[in-house]
Amino acid sequence: MASAQATGTTSVHTRAEDHRAAHGPGPGRARDWAEIQERMLVPLYEAVYDRLEVGPATSVLGLGCRSGLALLLAAGRGAQVAGQEPEAELRRLAQDRRLRVGAAGRPGTPEDDVPRTAYSLVTVFEQLPGAADPGRVVVEAAGHTLVGGQVVLAAWGPPERCESAAVLDVARRRAGRTSARDPFALSSPGGLEDLLAGTGLRPAGSGRVSCPFAYADLDSAVRGLLSTGLYDAAVEFSGGSLVAKELEETLHPYLLPGGAVRMANVFRYVVAERVR
């Protein structure tokens, strides 16, 4: 039993080191996001789309859309969708899904190939927790929104409502003196709403959504978490092997009897309307 456990641990550490998160997503880490981690936020996407009645009359721009699952779900409701994603490998995965996703500053065009500069709905589902300047992201979102249109900002809920908080703390502990961003920096009351000041956006509602993180095993959990980008500074400072080892140890309380991993989490979102 001890030998099997040791072998499994080595496999996790080797993969984490191979990904080298500090040097960008790379094919392996981008695929880990698309195949493991991305689905964890589906309840958030669906709750927002239900609330805003996203459908054929909606044009959606996803900022920091990564490999594009949220856009696929909106397109499935009949919406015209486009996205921006700065990471080239994630962008290619989104484009492989036949989504129009461009680099930052150059969103893909909708189905009719008419260049669009403003949308009725702009979503920022994943970008804010790791952003160096969240305010700038919100200003960009506002600039892409039609007057009368809506912007949705999302972030982690209160850390006491998120079992992943202890696991995310590995990123802070192992980042040394580098500029690792606290993923819960926007979780306090008013944190997201404060970003709207001076942007031409006004609050129009908010909500909380349960988004459990569930993985088939420890290896998948470590790979999925590393794919979020929240551990980049930690990997750069401490090395991928050490970060993966500590992640695995911190995940043990969330192991289920069959070897799967599950953590209950809450995400919060704010809906804002562009008034000018």
[X] with [Y]: basic N within carboxylate O range, under 4.0 Å:
| X | Y | value |
| --- | --- | --- |
| Lys245 | Glu249 | yes |
| Glu85 | Arg66 | no |
| Arg29 | Asp232 | yes |
| Arg92 | Glu89 | yes |

Excluding sequence neighbours, so at least two apart, what forms side chain to side chain contact (heavy atoms under 4.5 Å, CB included) with Ala70? Tyr45, Tyr49, Phe125
Would you compute the distance between atom [atom1] of [X] and atom [atom2] of [Y] and round it to the nearest 0.5 angstrom?
| X | Y | atom1 | atom2 | answer |
| --- | --- | --- | --- | --- |
| Asp217 | Leu255 | CG | CG | 9.5 Å |
| Leu168 | Leu225 | CG | CG | 7.0 Å |
| Asp32 | Thr228 | CG | OG1 | 11.0 Å |

Using modelled atom types only, decide if a donor and an acceptor are shared between the side chain of [X] and the backbone of [Y] within a distance under 3.5 Å.
| X | Y | answer |
| --- | --- | --- |
| Arg91 | Pro86 | yes |
| Thr199 | Val139 | no |
| Glu38 | Gly68 | yes |
| Arg39 | Ile36 | yes |
| Arg97 | Leu93 | no |
| Gln150 | Val122 | no |

Set of residues satisfying salt bridge (charged side-chain N to carboxylate O under 4.0 Å, His left out) with respect to Glu163, sequence neighbours excluded: none
In residues 186-197, what donor-acceptor pairs under 3.5 Å come from side-chain atoms, sequence neighbours left out?
unit_1 : atom_1 : unit_2 : atom_2 : d
Ser187 : OG     : Trp156 : O      : 2.7
Ser187 : OG     : Gly157 : O      : 3.1
Ser187 : OG     : Phe184 : O      : 3.4
Glu193 : OE1    : Arg268 : NH1    : 3.2
Glu193 : OE1    : Arg268 : NH2    : 3.4
Glu193 : OE2    : Arg268 : NH2    : 2.4

Going by atom types alone, do Gln80 and Tyr119 pair a side-chain donor with an acceptor below 3.5 Å?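 Tyr119 and Gln80 do not have a side-chain donor-acceptor pair below 3.5 Å.
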List the residues meeting ring-ring contact (aromatic ring centres under 6.0 Å, His included) with Tyr269, not counting sequence neighbours, and say none if there are none.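 Per chain and number, Tyr269 pairs via ring-ring contact (aromatic ring centres under 6.0 Å, His included) with no residue.
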Residue pairs fulfilling salt bridge (charged side-chain N to carboxylate O under 4.0 Å, His left out) with at least one residue in residues 118-133, sequence neighbours excluded: none
Give every residue pair that meets the salt bridge (charged side-chain N to carboxylate O under 4.0 Å, His left out) criterion with at least one member in residues 41-58, sequence neighbours excluded. Glu46-Arg77, Asp50-Arg77
